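Worksheet: one structure, shown below.
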Amino acid sequence: MTLRRMLVEGAQVLGVPLSEQQTDAFLVYLVELEKWNRKINLTSIRDEQGIIVKHFLDSLSYQKGFAPAAGMALLDIGSGAGFPALPLKIACPDLSVTLVEAVNKKASFLRHILRTLNIQGAGVEAKRTEQLAASFYARFAVVTARAFASMEKALLEGSRFLAPGGSVVLSRGPDEMIEQALAERCGFLVEKVERFALPFLHEQRAIWVFKKSK
């Protein structure tokens, strides 16, 4: 199976149709990721099929947790090589995306990809979340945070950036849980948990959606 076909068919399984132009953008992203990964540590996954499934398709699965709409603002904390925010932006160009990545070399890669793909409506903040200006507070409809070890930490970090009624959307392994009482102490209600298998690998995932309650 070609990489293009794997990407398109995998996205279809997840309910995310990709145009030829969007697919081309993903393949350029793949080439640039491999190139930069030789110089700086962006991902431990080296094989192209693994990147497509475990990074690109895994990122697109976040759409199971929210419905992208024109002008919707998404904040991605600890973006690393851009996951999940950049794949979501490629698939949903009308999203307004802010990527927060404190490691300067990784932030440089993110800016390079935005320029290379001529992506509009996206920006990179080379800072830690606590260094973001107050103008970022209560501004975003969705916060994603793939890098955090615990859901509790992600909720605590993301809360102040959400507009009223906003959501934190997280992707976790099949066995990870968080008690409703703990989520409530963080200021959230568990709105939805959707379990599914990642295309081609059949690895189990769960998308958790936490609605801000206060």
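Since this is a predicted model, take the numbers as computed values, not measurements. Residue numbers run from 1 in the order of the sequence given.
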(request) Only counting residues at least two apart or in another chain, list the ones meeting salt bridge (charged side-chain N to carboxylate O under 4.0 Å, His left out) with Lys192. (result) Glu194
(request) Treating Ile, Leu, Val, Met, Phe, Trp and Tyr as nodes and any side-chain heavy-atom pair under 4.5 angstrom as an edge, say whether Leu42 and Leu27 lie in one connected cluster. (result) yes
(request) Check Ser59 against Pro84 and note the closest heavy-atom contact, atom names and distance. (result) OG-CA, 3.2 Å
(request) Taking the side chain as every heavy atom from C-beta outward, state whether Leu74 and Thr144 have any pair of such atoms under 4.5 Å apart. (result) yes
(message) Within the structure provided, determine whether Phe136 and Thr98 are in side-chain contact (heavy-atom separation under 4.5 Å).
(response) yes
(request) Evaluate the side-chain proximity of Val168 to Trp208: yes if any heavy-atom separation is below 4.5 Å, no if none is. (result) no
(request) Determine yes or no for a side-chain-to-main-chain donor-acceptor pair under 3.5 angstrom, with Asp76 supplying the side chain and Leu99 the backbone. (result) no
(request) Measure the CG-CZ distance between Leu182 and Phe188 for me, rounded to the nearest 0.5 Å. (result) 11.5 Å
(message) To the closest 0.5 Å, what do you measure between CD1 (Ile90) and CD (Gln22)?
(response) 8.5 Å
(request) Look up atom OG in Ser79 and atom CG in Leu86, then write down how far apart they are to the nearest 0.5 Å. (result) 7.0 Å
(request) State, with a plain yes or no, whether a side-chain heavy atom of Arg172 is found less than 4.5 Å away from one of Met177. (result) no
(request) Report the C-alpha distance between Val124 and Leu114 in whole Å, list the side-chain angles of each, state the deciding distance to 0.1 Å, and finish with yes or no for side-chain contact (heavy atoms from CB on, under 4.5 Å). (result) CA-CA 9 Å; Val124 179; Leu114 293 181; 3.8 Å; yes
(request) Check for a donor-acceptor pair, side chain of Lys212 on one end and backbone N or O of Ala163 on the other, with a separation under 3.5 Å. (result) no
(request) Evaluate the criterion side-chain contact (heavy atoms from CB on, under 4.5 Å) for residue pair Trp36 and Val31; output intermediate values, then yes/no. (result) CA-CA 9 Å; Trp36 279 64; Val31 169; over 6 Å; no
(request) Please list, chain by chain and in numerical order, all residues satisfying salt bridge (charged side-chain N to carboxylate O under 4.0 Å, His left out) with Arg160, sequence neighbours excluded. (result) none
(message) Is there a continuous path of hydrophobic side-chain contacts, each under 4.5 Å between heavy atoms, that joins Phe66 to Phe161?
(response) no
(request) Decide yes or no for Leu57 and Leu7: does some side-chain heavy atom of the first lie under 4.5 Å from some side-chain heavy atom of the second? (result) yes
(request) For the pair Gln63 (side chain) and Leu60 (backbone), establish whether a donor and an acceptor sit closer than 3.5 Å, ignoring hydrogens and angles. (result) no
(request) Without swapping roles, check the side chain of Arg195 against the backbone of Pro174 for a donor-acceptor pair under 3.5 Å. (result) yes
(message) With clusters defined by side-chain heavy atoms of hydrophobic residues (ILVMFWY) lying less than 4.5 Å apart, directly or transitively, does Ile45 cluster with Leu110?
(response) yes
(request) Using a 4.5 Å cut-off on heavy atoms from C-beta on, say whether the side chain of Val53 contacts that of Leu198. (result) yes
(message) Looking at every heavy atom in both Pro199 and Val13, which two are closest together, and how far apart are they?
(response) CG-CG1, 4.0 Å
(message) Can you confirm whether Asp94 sits close enough to Pro68 that some side-chain heavy atom of one is under 4.5 Å from a side-chain heavy atom of the other?
(response) no
(message) Restricting to non-hydrogen atoms, name the atom on Gly82 and the atom on Pro87 that form the minimum distance, rounded to 0.1 Å.
(response) O-CD, 3.4 Å
(request) Let me know which of Val193, Leu155, Leu170 forms a side chain to side chain contact (heavy atoms under 4.5 Å, CB included) with Ile178. (result) Leu155
(request) Name all pairs fulfilling the side chain to side chain donor-acceptor pair (under 3.5 Å) condition that reach into residues 114-132, sequence neighbours left out, sorted by first residue then second. (result) His112-Thr116, Asn118-Gln120, Arg128-Glu130, Thr129-Glu157
(message) Are Val143 and Leu189 linked, directly or through intermediate hydrophobic residues, by side-chain heavy-atom contacts shorter than 4.5 Å (ILVMFWY only)?
(response) no
(request) Indicate yes or no: at least one non-hydrogen side-chain atom of Ser167 is less than 4.5 angstrom from one of Leu162. (result) no
(message) To the nearest 0.5 Å, what is the distance between CG on Asn37 and NZ on Lys35?
(response) 13.0 Å
(message) Using a 6.0 Å distance limit plus a 45 degree cone around the ring axis, check whether Lys64 lies over the aromatic ring of Phe196.
(response) yes
(message) In this structure, would Ile40 and Ile113 fall into the same cluster of hydrophobic residues linked by side-chain contacts under 4.5 Å?
(response) yes
(request) Would you please name every residue forming a salt bridge (charged side-chain N to carboxylate O under 4.0 Å, His left out) with Asp24, sequence neighbours left out? (result) Arg4
(request) Work out which heavy atom in Leu117 is nearest to a heavy atom in Ala25; give both atom names and the distance. (result) CD2-O, 3.8 Å
(message) To check you understand the geometry: which heavy-atom pair defines the closest contact between Ser171 and Ile207, and what is its length?
(response) CB-CD1, 3.7 Å
(request) Would you please indicate yes or no on a ring centroid separation below 6.0 angstrom for Phe26 and Phe56? (result) yes
(request) Say whether, by atom type as modelled, one donor and one acceptor occur between the side chain of Lys106 and the main chain of Glu101 under 3.5 angstrom. (result) no
(request) Please name all residues satisfying ring pair (Phe, Tyr, Trp, His ring centres under 6.0 Å) with Tyr62, sequence neighbours left out, ordered by chain then number. (result) none
(request) Decide if atom CD of Gln180 counts as having more than 12 heavy atoms of other residues, nucleotides or ligands within a radius under 6.0 Å. (result) yes
(request) Show the numbers, then the answer: is there a salt bridge (Lys or Arg N to Asp or Glu O under 4.0 Å) between Arg146 and Asp58? (result) CA-CA 10 Å; Arg146 198 176 184 223; Asp58 185 73; 3.1 Å; yes
(request) Scan residues 41-53 for pairs that pass side chain to side chain donor-acceptor pair (under 3.5 Å), counting only residues two or more places apart or in two chains. (result) Thr43-His55
(message) Let me confirm one number: the CD-OG distance from Glu191 to Ser213, rounded to the nearest 0.5 Å.
(response) 11.5 Å
(request) Mind listing the closest non-hydrogen atom pair of Ala183 and Val190 along with its distance? (result) CB-CG2, 4.1 Å
(request) Apply side-chain contact (heavy atoms from CB on, under 4.5 Å) to the pair Met1 and Glu9, showing each step before the final yes or no. (result) CA-CA 10 Å; Met1 180 180 292; Glu9 291 187 4; 3.8 Å; yes
